Amino acid sequence: MENIQIGSITVDVVRKDIKNMHLAVYPPQGRVRLSAPRTTDSEVLRLFAISKLGWIKKQVKSFKEQPRETPRQYVSGESHYFQGKRFLLEIIETDKQQFVELKGTKKILIHCKKNSSKEKRSILLKEWYREQLKKQVPELIKKWEKKIGVKSEEWRVKQMKTKWGACNIEVKRIWLNLELAKKPPICLEYIIAHELVHLLERNHNDRFVAYLDEYMSKWRLYRDELNSLPIAHSDWGY
Ligand SMILES: [Zn+2]
């Protein structure tokens, strides 16, 4: 992708059929994007970006100050999120089968061996998130395939560092970030709709946005919600 480097700031340039330049900074990391007419000289773009440097820096800073999860310790009393709600963790020692369960509306219990490591507990919880997410997804995919009029071949869940979802158009495979198990269900729904729309349009262009507007008119709200939530310890670049 075409880009402009100003000191430590990279400005991605997206050429479009537009008349005026448009600058935007996106959460969560403060990615800077300049939409520009197809024919505008790159030196003109560079000067434009430089003239807006103060504004860019302010935006980037405000995103960097967003709440972020601290590394989890997997001990009793610690907050963990599931489907957008906060739960308190409770560690229960067992010498039998290890498993994770919800207790009421406030607690996630991890039944694990005495002296189990932080890593072991995190794996147990992660596998539980995966199971829960896999229960949510099939119905949502069905719903949105019908609405959008496309058909995916398969979907998979994986932990991703930079994206909430992805779509391999050639084989019609949808990838969903495991972290979505922690987010409000509507956010998961948005990502599913978004990835399915890629089966109609590969790129995030005007046509893509028009499809989203048509099928999920409030998608911007869900996207912003996803991006404003405390993000996991690793940074997302979505
Ligand atoms: Zn996309």
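In each ligand, atom 1 is the first atom listed, and ligand 1 is the first ligand listed. None of the values given here were measured: they were computed from a predicted structure.
Geometrically, Lys147 engages Trp144 in a cation-pi contact defined by less than 6.0 Å to the ring centre and at most 45° from the axis. Stacking of Lys163 on the aromatic ring of Trp175 is not recorded, the 6.0 Å distance cut-off and the 45° axial limit not both being met.
Taking the ring centroids of Phe87 and His80, they lie at or beyond the 6.0 Å cut-off.
Coordination check, Cys167 versus the Zn ion (ligand 1): failed, since every N/O/S atom of the residue sits at 2.8 Å or beyond.
Among heteroatoms of the N, O or S kind in His194, NE2 lies nearest the Zn ion (ligand 1). Here the N, O or S atom of His204 that is nearest to the Zn ion (ligand 1) is NE2. Note on His198: its N/O/S atom closest to the Zn ion (ligand 1) is NE2.
Using cut-offs of 30° and 60° for the angle between ring planes, the Trp219 and Tyr190 rings count as parallel.
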